[in-house]
There are 2 protein chains.
Amino acid sequence: MSDQGRVRNITDLARLAGVSPGTVSRALADSQLIAKKTREKIQQLAREHDFRPNVMARNLRIKRAGAIGVLIPLGHETGQHISDPFFMTMLGHLADALTERGHDLLLSRVIPKDPDWLNRVVDSGRVDGVILIGQSDQIDVIEKMASRYLPLVAWGANLPGKIHCSVGSDNRKGGEIATRHLIERGCRNFAFFGDPVAPEISERLEGCRAALSAVNMSSNLSILPAHLTAETAHPAISKWLDDTRSIPNGIIAASDVIAMSALRALAEHGVTVPGQVHVIGYDDLPFSNQTVPTLSTVKQDLAAGAAHLVDLLFRRIAGEETGSVVLEPELVIRQSS
Amino acid sequence: MSDQGRVRNITDLARLAGVSPGTVSRALADSQLIAKKTREKIQQLAREHDFRPNVMARNLRIKRAGAIGVLIPLGHETGQHISDPFFMTMLGHLADALTERGHDLLLSRVIPKDPDWLNRVVDSGRVDGVILIGQSDQIDVIEKMASRYLPLVAWGANLPGKIHCSVGSDNRKGGEIATRHLIERGCRNFAFFGDPVAPEISERLEGCRAALSAVNMSSNLSILPAHLTAETAHPAISKWLDDTRSIPNGIIAASDVIAMSALRALAEHGVTVPGQVHVIGYDDLPFSNQTVPTLSTVKQDLAAGAAHLVDLLFRRIAGEETGSVVLEPELVIRQSS
DNA sequence: GAGAATGCAACAATCGATTGCATTACACGG
DNA sequence: CCGTGTAATGCAATCGATTGTTGCATTCTC
């Protein structure tokens, strides 16, 4: 392929068409200012050389980036991998929603060592806005940024007194309905698997406690407060099952990933689900109806969540000061409970 | 926050420091051309105003984009969602590898309606190179692009006679060792679940056939050739189990996602695994050792694959004409076989 | 103390587009 | 044939950086 005659910019194309670069620019933008005949000639020429104007140059001039930064902050959870199904599901929905709006998705997995990680992305000028998938333990950094930078939204808990815009489900309520469901199923002794250091999980636990105290069973709850990832959950739960004197008959897992590990650990301990133990998860990830037995769970509608995140973000990019959104969690009953 | 005094570009900072923009640029790049004292003063000033030079402008001048396009072409598989665990796992590894090299990841899920989808990304000037996760049914488009654009690599089958650079595992061999393993386990009747339209899967099936014909059992194989996604696999398999006269005792699934659905469908049909039927998957995704029973599978080392993809890509960006890489598949024996 | 060498910083062109304003060309009426 | 109006195009500044070249002070040398 002769790289000689290649059309690299509008100036090349302008020369070819015998017009000025400005005219080419307008013609390719289909501006009415340019005579229809000229316009079509230039567009035809562009097609022949399959030329496309340089997006970066355009964006520099236009002062927009055409991309949204999607960050996955992994603070206290250094072990957690980006391939965590939760993140990935959310990411897929975001990719779809952003593409629809003509924006690219700049993905970044950040392990926030210094408090500068967010500044770096925002001030780089390569994104028009930022979506955080999760707040991790970086609330302070996020709050600070939110005070000066409008187009920033986060998936996660809607924390009282915090100003940053968030979309998340009502975790307290989710924990509550999960627990109430198990109570109705006849469970009397409960275990909660999940680390309350993360705000979302702490709220779920709170909801769980509320449901129990409503029926005077507050004392029937034990907690496995480890930080549980896809890798660490199974050994932790297995050990817990070994150590615990009496296995509870209702298990509330803080996430589907944890619940899945629990199902497996229980199977290995010869405990039947839902025969001896009822298990409920949280999230309703795509795999949750593929487990054996299929997993009852509290659904967070991630598709809707992603749509909200993107919608709020674009309204903020336009200058609007939007509020946060709290989604209703929904009980999904399958075989495990 | 007063937006008045905000330092928006090096010119602002230059004014503040009483030097020229050029000097600021060099100072921030820590160039030896600038006196150490001046340099430090400017850097200090930049820190105070937490100013960071605009990456887009820089990239325009430097003629690099600082980002790699990662595309997921979903051709014949319109039903397939980006949240397919396979893509996501790969994506996670790529994100890590690219971040290490100081590049961003521009994610795009493309449904190739017109043959222009790849051009659009390549010629936009916003990426330094492109990684395709999968070839889908877009071999022609990919080949055409590969002939003129060096920094392009794809995950997938290494197809004979094709020039584009690929990284993938030896699917034929993978299919073979999976099947041999089941034969050793005493299976005599086999089923293969997966659609041979995709080149990878067709190769796996071929390997499977080869292993069977080596022991004169070619005729003992039935095939469920549906295109199977996380959503469609379970009903399809369930129906197949209903319809089939005698359930085989060895099932080779073309992917772990399919295998997982098979495990569930079998459980629902009261078939024990590995008691009555041995099941083996393909991929070794993170969840594959979380299923009940845990899934035997043919591991594709996606971490290594991602590392190779990124390595090859950067060598190509540097101008080298690299060859393709074929990874060795590895048998991972767990409970399901 | 004059001339050469050296170190620093300023100047200005450049990357590839967009766009307000100036200018040209053409048509038409008087 | 000229003035005027309008449609179409050209010109040049601009977005925010980078970098080769140039110019000005010092400092060094003999």
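All values below were derived from every heavy atom in this structure, side-chain atoms included, with hydrogens, water molecules and symmetry-related copies excluded. Convention: sequence-line order gives letters A, B, ...; per-chain numbering from 1.
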Quiz item: For DNA chain C, whose closest nucleotide is more 5', that of B:A57 or that of B:G22?
Solution: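 This one resolves to B:G22.
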
Roughly, in whole Å, what's the span from [atom1] in [X] to [atom2] in [N]?
X	N	atom1	atom2	answer
A:N59	C:dT19	CG	P	12 Å
B:R52	D:dG16	CZ	C1'	16 Å
B:D128	C:dC15	CG	C1'	15 Å
B:I42	C:dA10	CD1	C1'	12 Å
B:R126	C:dC15	CZ	C1'	17 Å
B:R58	D:dT18	CZ	P	5 Å
A:I10	C:dT19	CD1	C1'	11 Å
B:R6	D:dG16	CZ	P	12 Å

Within the side chain of [X], is there an N or O that forms a donor-acceptor pair under 3.5 Å with the backbone of [Y]?
X	Y	result
A:S31	A:R26	no
A:R109	B:G92	no
A:N59	A:A65	yes
A:R126	A:A67	no

Quiz item: DNA chain C in dot-bracket, Watson-Crick or G-U pairs under 3.5 Å, [ ] crossing, | other strand?
Solution: ||||||||||||||||||||||||||||||

Self-check item: B:E320 CD: over 12 foreign heavy atoms closer than 6.0 Å
Solution: yes

Quiz item: Does B:H308 NE2 have over 12 foreign heavy atoms under 6.0 Å away?
Solution: no

Practice problem: Using a heavy-atom cut-off of under 4.0 Å over every strand shown, decide if B:I62 touches base, sugar-phosphate, or nothing. | Solution: sugar-phosphate

Taking 4.0 Å as the cut-off, does a side-chain nitrogen or oxygen of [X] come that near to OP1 or OP2 on [N]?
X	N	value
B:K63	C:dT14	no
A:N9	C:dG16	yes
B:T23	C:dA9	no

Side-chain heavy atoms of [X] within contact of [Y], under 4.5 Å:
X	Y	result
A:F51	A:I10	yes
B:W155	B:I131	no
B:D311	B:R101	yes
A:I34	A:T23	yes

Quiz item: Which nucleotide in the set D:dG10, C:dA17, C:dA10 lies at the smallest distance from any side-chain heavy atom of B:V19?
Solution: C:dA10

Quiz prompt | Closest nucleotide among D:dA17, D:dC15, C:dA17 to the B:R61 side chain | solution =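 Taking heavy atoms from C-beta onward, the closest nucleotide is D:dA17.
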
Exercise. Give me the residues of residues 26-41 of chain A where at least one heavy atom lies under 4.0 Å from an atom of DNA chain D, by number, or none.
Key: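 DNA chain D contact set from residues 26-41 of chain A: A:R26, A:L33, A:I34, A:A35, A:T38.
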
